[in-house]
J.: 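Below are the structure tokens for one structure; questions will follow.
Letters go in sequence order (proteins before strands), and every chain restarts at 1.
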Amino acid sequence: MRQASRALLAVAALLVVAVPTLAQGQPDVSIGIVKETAEKFDVLVGTLDVLSGGMPAVDAATAIERTVARDLEYSGLFRVGMLESQAETDSLRFTYAIRGSVEGPVRDADQTGEVVPTTISLDLVTYPGGQLLLNKRYRPLPEQMRITAHHFANQVVEILTGEPGIAMTRIVFSRGSGDRRDLWVVDYDGENLMRLTSNRTLNLCPDWKPDGTEVAFTSYHRGMQGLYSLDTATGEVRQIIAQEGLNLGASWHPDGRELLISLSRAGDPEIYRVSADGDIVRRLTAMRSIEISPSWSPSGRELVFTSDMTGTPQLYVLDDVGSARRRLTWEGRYNDSAEWSPSGEQIVYATREGNLTQLVLIRATGEARKLLTDRRWRNCEDPSWAPDGRHVVFASDRTGTFKLYVMDVLEGGVRQLTFGDEPDITPAWSPR
Amino acid sequence: MKGYGRTPRTMMSLLLLVGTITWIMLVAGCGGGETEVETDPTATGGETEPAVETVPEPIEPEEPMEGAGMGDRDVPDYSTMEPVEYGVEDVFFAFDEYDLDESAMATLARNARILKEHDDVVILVEGHCDERGTVQYNLALGEKRAKAVRDYLISLGVPSNRLRFTSYGESRPFAMGSNERAWAQNRRAHFARP
């Protein structure tokens with residue numbers, strides 16, 4: 001009986017893992033514009049040995065296998081096979097395998113209410129050779145199985161690529177419509193959806209502080225805009241700055257001590273550097289036009305922003321004292337929402353094509369402009385980079401309602417991140 | 001006033017105003033209906049015990065009358081009303097524009113006259129956009145619209161300290177739908193009680 005349940009669970013796990021692969025094959029979901037095929041690692045996620053602990057340990061093992069497999073798949077770096085899937089397994093020539101064991105009770109056997117951790121051992125080995133590349137031992141509580149798997153998946157990615165994975169990142173965004181949009185946060189894989197604000201007004205355009213401890217966002221108090229910061233550990237909200245007019249589009253400096261923001265206190269919206277406490281450090285633009293949507297480069301020495309000084313919104317680059325301005329975009333009559341990639345080499349932004357908004361990737365030098373989406377996606381807005389510099393989260397109303405999607409900009413695959421009837425907009429991907 | 005110079009847009013805002021007034025009257029009517037419905041069953045429901053309960057109920061309809069009497073004058077208290085209720089109309093804009101056209105200026109001239117008659121009210125000028133374009137640019141565009149309206153009202157003699165402004169961008173559409181008719185109604189400056 002235990003074997004049968006185990007097999008069933010394994011099938012369930014396979015179905016979940018298969019979802020992104022299937023989604024990429026559907027013509028209406030795949031982008032089709034970006035088509036580079038990157039080298040991938042072929043990894044076999046084996047069935048963990050359950051040494052003791054009964055069904056709860058079997059469940060834990062399955063949760064870990066499934067989560068590790070999904071994390072590796074979502075990284076874009078792997079072709080993942082699982083042991084039970086003979087067809088898929090046969091089609092891949094594995095170079096690596098993940099194996100391990102689960103030991104001990106997941107819950108206290110005496111039912112005293114005390115929760116006893118399980119011992120989990122996970123290995124990354126070469127395949128078929130079996131040379132050990134990574135061994136990790138964890139003692140998680142029952143509710144920590146997913147985070148254990150995420151941690152191990154990140155380690156696997158780091159061993160093989162030199163850069164840690166993004167399996168423990170989150171996305172903060174604005175959900176709602178009309179008078180009320182709240183900030184919500186969700187794990188990068190769509191799990192752990194949580195509401196962060198409930199103040200009966202609009203809460204928009206969040207941005208993570210680089211250490212992940214705060215989220216700056218625009219909100220309204222008695223109809224007037226202000227920039228606020230939410231402590232991600234306690235949920236406490238403090239005001240950063242609230243000047244007359246716009247207090248919009250916060251972008252944290254990589255050092256976490258300053259933000260870029262658009263303020264219209266001088267008449268028109270202009271770009272300012274403000275301290276984390278809201279003191280104005282420096283005004284960077286001074287024009288009789290709209291200057292908005294600033295985003296720091298990863299070096300913190302340059303920024304990209306939007307200006308309609310020529311009559312149409314276009315992207316420009318400035319240095320950190322407001323000089324050395326250069327125009328970045330020459331195509332399209334409406335470009336906005338730029339975000340500089342973590343590597344510093346690329347910028348993703350939104351452009352208007354007809355009545356629709358689409359995503360574009362461009363080199364920071366202004367070359368190699370490439371559309372990432374087309375009209376099958378209706379409107380695509382507010383792209384935000386994952387820390388791996390490969391994935392971008394954005395809002396699209398392809399289903400009729402704005403929901404969040406994650407795109408692999410290297411290969412073009414897309415998966416839906418959020419579901420439900422309420423519009424989700426202005427996502428921001430957390431640091432690692 | 002001038003019946004011929006009105007553009008369809010002005011007509012539309014007039015219709016909106018008439019619609020709002022009708023709605024207010026309907027709500028008022030419903031309120032009256034409800035109290036009647038409520039008092040009827042209690043009156044017929046019983047004669048001994050419910051007699052006590054019927055006492056507090058008639059107090060509710062009296063409350064608005066007390067409120068109206070508080071002003072001690074013939075005119076209603078505008079500071080507690082939405083500006084549309086005393087005739088301040090929305091102003092509409094062309095696609096991607098924040099300049100005021102003739103129709104908008106005519107509407108604002110009427111709005112200014114009303115606002116100058118009631119020198120105790122402070123109003124919030126809200127800038128709105130249609131759904132096309134990006135969240136941030138629309139917030140900036142909405143603010144440009146709100147400011148253009150505020151500045152024009154100031155030039156017509158409305159004191160600046162009675163005019164606040166904000167932008168909601170594309171977040172609060174008046175009309176739903178992805179067509180020019182809905183978009184035209186959403187590219188507006190609306191006047192609200194702050």
Side-chain angles (χ1 to χ4, degrees), chain A residues 174 176-181 201-205 218 220-225 244-249 262 264 267-269 289-294 305-308 311-313 333-338 349-352 354-357 378-383 395 397 400 402 423 425-426, chain B residues 82-83 95-99 122-151 154 160-161 163-184 186-187 189-194:
Chain A
S174 177
S177 59
D179 291 352
R180 190 167 172 177
R181 291 184 195 267
T201 186
L202 298 172
N203 299 283
L204 295 162
C205 304
T218 293
Y220 289 76
H221 183 66
R222 297 186 178 183
M224 309 308 280
Q225 237 184 41
E244 182 176 70
L246 294 181
N247 295 259
L248 182 65
S262 198
S264 53
D268 292 302
S289 48
I290 290 171
E291 275 73 44
I292 50 163
S293 306
F305 69 103
T306 303
S307 170
D308 69 352
T312 62
R333 290 181 51 78
Y334 192 112
N335 299 311
D336 188 24
S337 313
Y349 64 94
T351 192
R352 198 156 67 197
N355 279 333
L356 298 176
T357 306
R378 283 182 52 83
N379 294 288
C380 297
E381 300 191 13
D382 285 303
D397 64 345
F402 273 101
I425 59 165
T426 64
Chain B
E82 286 298 323
F95 175 58
D96 250 359
E97 295 290 339
Y98 50 83
D99 293 333
V122 174
I123 61 167
L124 178 64
V125 185
E126 302 174 352
H128 298 270
C129 303
D130 70 35
E131 64 179 3
R132 292 172 295 172
T134 58
V135 170
Q136 289 198 43
Y137 192 76
N138 277 335
L139 281 164
L141 186 61
E143 183 180 82
K144 283 280 199 179
R145 288 174 177 167
K147 264 189 177 163
V149 165
R150 182 196 67 158
D151 292 348
I154 290 171
S160 61
N161 60 8
L163 296 166
R164 303 173 71 195
F165 66 94
T166 195
S167 172
Y168 290 114
E170 62 190 75
S171 281
R172 293 181 171 186
F174 175 81
M176 299 311 284
S178 297
N179 51 63
E180 182 48 42
R181 212 171 126 227
W183 291 333
N186 293 335
R187 294 190 299 262
H190 176 72
F191 302 89
R193 188 161 53 99

J.: Write down the atom of A/Arg378, the atom of B/Ser178, and the distance for their closest heavy-atom approach.
T.: NH2-OG, 4.1 Å

J.: Which bit of A/Ser293 comes within less than 4.5 Å of chain B, counting heavy atoms only: side chain, backbone, both or neither?
T.: both

J.: At a 4.5 Å cut-off on heavy atoms, which part of A/Ile425 comes close to chain B: side chain, backbone, both, or neither?
T.: side chain

J.: Heavy-atom cut-off 4.5 Å, strictly under: side chain, backbone, both or neither for A/Arg333 against chain B?
T.: neither

J.: Does a donor on one side chain and an acceptor on the other come within less than 3.5 Å for A/Tyr334 and B/Asp96?
T.: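 No.
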
J.: What is the minimum heavy-atom distance between B/Phe165 and A/Met224, and which atoms define it?
T.: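 Closest approach of B/Phe165 to A/Met224: O-CE, 3.2 Å.
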
J.: Between A/Asp268 and B/Lys144, does any NZ, NE, NH1 or NH2 come within less than 4.0 Å of an OD or OE carboxylate oxygen?
T.: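 Answer for the salt bridge query: yes.
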
J.: If every non-hydrogen atom of B/Ser171 is compared with every non-hydrogen atom of A/Leu202, which pair is closest and at what distance?
T.: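 That would be CB-CD1, 3.8 Å.
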
J.: Identify which part of A/Glu381 has an atom lying under 4.5 Å from any heavy atom of chain B, answering side chain, backbone, both or neither.
T.: side chain

J.: How long is the straight-line distance from CG of A/Leu356 back to CZ of B/Arg132, given to the nearest 0.5 Å?
T.: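 So the CZ of B/Arg132 and the CG of A/Leu356 are separated by 10.0 Å.
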
J.: Tell me, for B/Leu124 versus chain A, whether the close heavy atoms (under 4.5 Å) come from the side chain, the backbone, both or neither.
T.: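 For B/Leu124, the contact with chain A is made by the side chain alone.
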
J.: Which one of A/Gly245, A/Pro269, A/Gly176, A/Ser177 has the most heavy-atom pairs closer than 4.5 Å to chain B?
T.: A/Gly245

J.: Looking at chain B, which one of A/Gly223, A/Gly249, A/Ser262 has the largest number of heavy-atom pairs inside 4.5 Å, strictly under?
T.: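 Most heavy-atom pairs under 4.5 Å with chain B: A/Gly223.
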
J.: Please flag which part of A/Asp179 lies under 4.5 Å from any non-hydrogen atom of chain B: side chain, backbone, both or neither.
T.: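 A/Asp179 touches chain B through backbone and side-chain heavy atoms alike.
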
J.: Can you tell me which portion of B/Arg150 sits under 4.5 Å from chain A's heavy atoms? Options are side chain, backbone, both or neither.
T.: side chain

J.: Quick check for you: among B/Gly142, B/Ala146, B/Ser167, B/Pro194, which has the greatest number of heavy-atom pairs under 4.5 Å with chain A?
T.: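 Among the listed options, the one with the most contacts to chain A is B/Ser167.
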
J.: Tell me which of these, B/Glu143, B/Arg164, B/Glu131, B/Lys147, has more heavy-atom pairs under 4.5 Å with chain A than the rest.
T.: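 Of the candidates given, the most pairs with chain A belong to B/Glu143.
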
J.: To the nearest 0.5 Å, tell me how far A/Ile292 CD1 sits from B/Thr134 OG1.
T.: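 If we round to the nearest 0.5 Å, A/Ile292:CD1 and B/Thr134:OG1 are 5.5 Å apart.
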
J.: For the residue pair A/Ile290 and B/Leu141, what are the closest heavy atoms and their distance?
T.: CD1-N, 4.2 Å

J.: Decide side chain to side chain contact (heavy atoms under 4.5 Å, CB included) for A/Asp382 and B/Val135; before the verdict, give the C-alpha distance in whole Å, the side-chain angles of both, and the deciding distance to 0.1 Å.
T.: CA-CA 8 Å; A/Asp382 285 303; B/Val135 170; 3.6 Å; yes

J.: Would you compute the distance between atom OG1 of A/Thr357 and atom OH of B/Tyr137 and round it to the nearest 0.5 angstrom?
T.: 13.0 Å

J.: Does any heavy atom of chain A fall under 4.5 Å from the side chain of B/Gln136, the backbone, both, or neither of them?
T.: both

J.: Does any heavy atom of chain B fall under 4.5 Å from the side chain of A/Leu204, the backbone, both, or neither of them?
T.: side chain

